[in-house]
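Count residues from 1 along the sequence. First listed ligand is number 1; within each ligand, the first listed atom is number 1.
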Amino acid sequence: MRKIDVVATATIFEEFLELPSEVQILMQRAVEAREKAYAPYSRFKVGAALLLENGQVILGNNQENAAYPSGMCAERVAIWKAGSEFPGVKVKQLAITASSSNTKVDQPVGPCGACRQTLSEYEINQKESIEIYFMGEVGQIVKTASLLSLLPFSFDRSYL
Ligand code: THU
């Protein structure tokens, strides 16, 4: 038996203005998407903005439903929109932001497990890392250099 360390490296930006200017613009688009979220049940709005290699920015937000499990996360709305409109076009960056009318979201909100799994397949297929930036409504922003760094020991098509 032996133990191994699985290390994830992230960069922390203390505030929005510390982000590179092009990432500020992408995050601003995520905020725009977040404000249009349909989240009447959780009151937790999430916005996602994807930058594609062709320069297109694809937005997504969470879409809830009275039959709760029928709702969908912002990140998957965005990545499936990109995959359906621009199949095969690489994703360079993803910006995520969340806010709530119940509380001030001041912690970075990372993508849920199902979104990580979904995004990982796109990253693997395109053979290029997707930079992920995530924040709450205010406060720190976390950057990871790839999706797979958020999902060690992940499941992929090679097991099938
Ligand atoms: N949500 C997202 O949109 N993305 C995530 O990664 C986590 C959760 C949404 C789903 C639901 O509409 C609300 O946030 C509360 O869970």
Side-chain angles (χ1 to χ4, degrees), residues 6 8-16 19 23-52 56-86 89-126 128-157:
V6 180
T9 304
T11 306
I12 308 296
F13 296 87
E14 289 303 330
E15 51 156 351
F16 182 82
L19 289 170
V23 179
Q24 288 185 26
I25 291 167
L26 191 67
M27 189 58 88
Q28 204 53 57
R29 300 298 309 276
V31 170
E32 186 189 305
R34 186 189 77 204
E35 292 312 301
K36 294 179 186 163
Y38 178 64
Y41 306 106
S42 72
R43 304 196 174 282
F44 191 82
K45 292 184 166 187
V46 185
L50 291 168
L51 175 66
L52 305 187
Q56 287 274 346
V57 174
I58 306 295
L59 304 182
N61 50 34
N62 51 329
Q63 296 292 319
E64 297 186 348
N65 190 277
Y68 293 173
S70 302
M72 186 45 64
C73 292
E75 297 89 329
R76 276 176 286 168
V77 168
I79 193 70
W80 287 333
K81 201 165 149 192
S84 57
E85 267 192 77
F86 299 100
V89 178
K90 289 180 184 174
V91 180
K92 307 292 281 184
Q93 292 175 328
L94 166 60
I96 303 163
T97 173
S99 67
S100 167
S101 55
N102 295 330
T103 175
K104 191 88 170 167
V105 182
D106 58 6
Q107 304 288 324
V109 176
C112 77
C115 288
R116 292 178 199 205
Q117 178 65 33
T118 303
L119 290 160
S120 74
E121 184 140 338
Y122 285 79
E123 185 173 86
I124 290 166
N125 285 351
Q126 70 179 27
E128 215 175 278
S129 298
I130 302 172
E131 284 183 359
I132 321 277
Y133 295 84
F134 53 90
M135 61 180 282
E137 185 180 2
V138 293
Q140 293 179 335
I141 298 104
V142 174
K143 172 193 174 185
T144 59
S146 73
L147 188 283
L148 285 173
S149 61
L150 288 171
L151 198 63
F153 302 112
S154 63
F155 186 84
D156 63 54
R157 68 200 293 177

Tell me whether [X] contacts the main-chain N or O of [Y] through its side chain, where contact means a donor paired with an acceptor under 3.5 Å.
X	Y	result
Glu123	Ile130	yes
Arg76	Thr118	no
Asn62	Gly71	no
Lys143	Glu131	no
Thr144	Ser146	yes

For [atom], find the nearest protein heavy atom and state the residue, atom name and distance (0.1 Å precision).
atom	result
atom 9 (C) of ligand 1	Asn62 ND2, 3.5 Å
atom 4 (N) of ligand 1	Glu75 OE1, 2.8 Å
atom 3 (O) of ligand 1	Ala74 N, 2.9 Å
atom 8 (C) of ligand 1	Cys73 SG, 3.9 Å
atom 12 (O) of ligand 1	Glu64 OE2, 2.5 Å

Side chain, backbone, both or neither: Ser42 near ligand 1, heavy atoms under 4.0 Å: side chain
Atoms in ligand 1 flagged as close to Pro111, the criterion being non-hydrogen separation under 4.0 Å: 6 (O)
Per-atom contact, atom 6 (O) of ligand 1, protein heavy atoms, under 4.0 angstrom: yes
Sub-4.0 Å heavy-atom approach of Gly71 to ligand 1: no
Heavy-atom neighbours of Lys90 NZ exceed 12 at 6.0 Å: yes
Lys92/Glu128 ion pair, N-O < 4.0 Å: yes
